[in-house]
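Structure first, then comments.
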Amino acid sequence: MDERPLPLKIPASLDEAKAIQEAIARAAETAPPVSLDEVRCIAGADASYSPDGRTVHAAVAVLGLPDLNVLERCWVSREVPFPYMPGFFAFREGPAIISAVGALTRQPDLLLVDGHGRAHPRRAGIATHVGFLLSIPTVGVAKQLLAGDAVEFGPARGSSSPIWDRGEIVGMAVRTKAGSRPVYVSAGHAMDLATAVAAVLATTGTSRIPAPVREAHRISREVRRSHITFSVSP
DNA sequence: GCGACAG
DNA sequence: ATCTTGTCGC
């Protein structure tokens, strides 16, 4: 039973990085999408950085549906392997997130990643990379657009507007909280846009950010604050 | 060439 | 993302 995730190779050049992304984008769209009624738990992943910018702290929280109770938390810190460059975010914090998810006792049915999935210049954001390498259905949930545009839409929670990029719909701007700025949702790996949006709305209570991502964000900041290097907790 | 640019 | 004070709003 080999459950170890494939490693995400850190590219030596931007051309190599683009080639990796193009291959992952093809694979992610080939994988059959999950159905939400086979999803019992949803995890969220996020990362924070040390003040000197040399260490990344990745965290993951697994929540049960439909009550959003925390089932498991996991985190891992490591040296930052890649500089921040828009479009190549996956190589910066993807490896740490993959390690954190891989160290969970039980793999989640679906993973929400802070960042984009298909709504990316090469249709392969961090959610796509992480999902493909872990073989877990993923959704990208971003606070800002990287590629494409969405027209303005209604202020009610649950309303949405497609993200268009170069003639195709690559994601959805979703109002998760009435009157607040939308979050930008896109399919990662083995995912469908409608399912992605449904998963985000199902895990969003009163906050703009889905509870699993919010909890992962909280953990990663706590880890940075307390200098914990590695741990798992139920 | 110019502007835009997840976290 | 991170460094930072006060401040506006629900």
Side-chain angles (χ1 to χ4, degrees), chain A residues 8 10 14 17-18 20-21 24-25 28 44-60 75-98 100-101 111-132 138-150 155-157 163-166 170-189 191 196 200 205-210 212-227:
Chain A
L8 175 53
I10 302 303
L14 247 42
K18 289 176 183 174
I20 291 171
Q21 294 184 325
I24 289 180
D46 193 16
S48 63
Y49 296 81
S50 60
D52 66 12
R54 296 193 305 180
T55 307
V56 54
H57 308 286
V60 52
W75 54 89
V76 51
S77 301
R78 61 172 56 184
E79 192 169 304
V80 171
F82 202 81
Y84 173 67
M85 298 169 72
F88 302 93
F89 186 49
F91 300 108
R92 182 169 172 81
E93 59 181 56
I97 288 175
I98 289 169
V101 175
L111 176 66
L112 305 176
V113 181
D114 191 348
H116 288 106
R118 232 195 123 205
H120 177 278
R122 287 165 296 284
R123 308 293 181 256
I126 185 168
T128 317
H129 291 69
V130 169
F132 170 69
T138 54
V139 171
V141 183
K143 298 177 286 298
Q144 299 288 329
L145 282 173
L146 169 65
D149 293 284
R157 164 175 158 87
I163 300 168
W164 288 89
D165 184 45
R166 287 148 28 193
V170 296
M172 198 75 86
V174 179
R175 194 88 62 195
T176 50
K177 180 178 182 176
S180 293
R181 294 155 48 214
V183 293
Y184 301 98
V185 178
S186 59
H189 176 256
M191 186 59 55
V200 166
T206 56
S207 171
R208 173 181 173 240
I209 304 301
V213 177
R214 207 185 177 216
E215 176 63 9
H217 187 267
R218 192 193 66 72
I219 296 167
S220 71
R221 300 201 63 173
E222 175 75 24
V223 170
R224 172 165 61 94
R225 215 180 60 74
S226 57
H227 293 183

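Just so it is clear: chains get the letters A, B, ... in the order the sequence lines come, proteins before strands, and each one is counted from 1. Owing to the predicted nature of the structure, the values given are computational and were not obtained by experimental measurement.
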Parallel, tilted or perpendicular, judged at 30° and 60°: which one describes the rings of A:H189 and A:F132? perpendicular

Could you give the distance from [atom1] ([X]) to [atom2] ([Y]), rounded to the nearest 0.5 Å?
X      : Y      : atom1 : atom2 : result
A:I97  : A:R92  : CD1   : CZ    : 12.0 Å
A:S48  : A:R218 : OG    : CZ    : 12.0 Å
A:I98  : A:L111 : CD1   : CG    : 10.0 Å
A:R214 : A:S207 : CZ    : OG    : 4.0 Å

Looking only at atom types and distance, does a side-chain atom of A:E93 sit under 3.5 Å from a main-chain N or O of A:Y49, one as donor and one as acceptor? no

Keeping the roles fixed (side chain from A:R118, backbone from A:A124), state whether a donor-acceptor pair exists under 3.5 Å. no

Report the residues that fulfil ring pair (Phe, Tyr, Trp, His ring centres under 6.0 Å) with A:F91, sequence neighbours left out, ordered by chain and then residue number. A:F82, A:H129

For A:H120, check ring pair (Phe, Tyr, Trp, His ring centres under 6.0 Å) against everything at least two apart and list the hits. none

Would you call A:R123 and A:D165 a salt bridge, taking side-chain N to carboxylate O under 4.0 Å as the test? yes

Using the side chain to side chain donor-acceptor pair (under 3.5 Å) criterion, which residues pair with [X]? Sequence neighbours excluded.
X      : result
A:R175 : none
A:K143 : A:D114
A:R157 : none
A:S180 : none

Starting at the 5' end of nucleotides 5-10 of chain C, put B wherever the base has a protein heavy atom under 4.0 Å, S where only the sugar-phosphate does, and a dash everywhere else. ------

When you check every protein heavy atom under 4.0 Å of nucleotides 1-7 of chain B, what one-letter string (B, S, -) results, 5' to 3'? ----BBB

Proximity to DNA chain B (any heavy atom under 4.0 Å), residues of residues 175-185 of chain A only: none

When the distance from CZ of A:R225 to P of C:dA1 is rounded to whole Å, what number comes out? 18 Å

Taken to the nearest whole Å, CZ/A:R224 to C1'/C:dC3 is 10 Å

Where DNA chain B forms runs of at least three Watson-Crick or G-U pairs (i with j, i+1 with j-1, under 3.5 Å), the stems are none

Annotated structure of DNA chain C as dot-bracket, pair cut-off 3.5 Å, Watson-Crick or G-U only, | for inter-strand, is ..........

Mind checking what makes salt bridge (Lys or Arg N to Asp or Glu O under 4.0 Å) contact with A:R166, not counting sequence neighbours? none

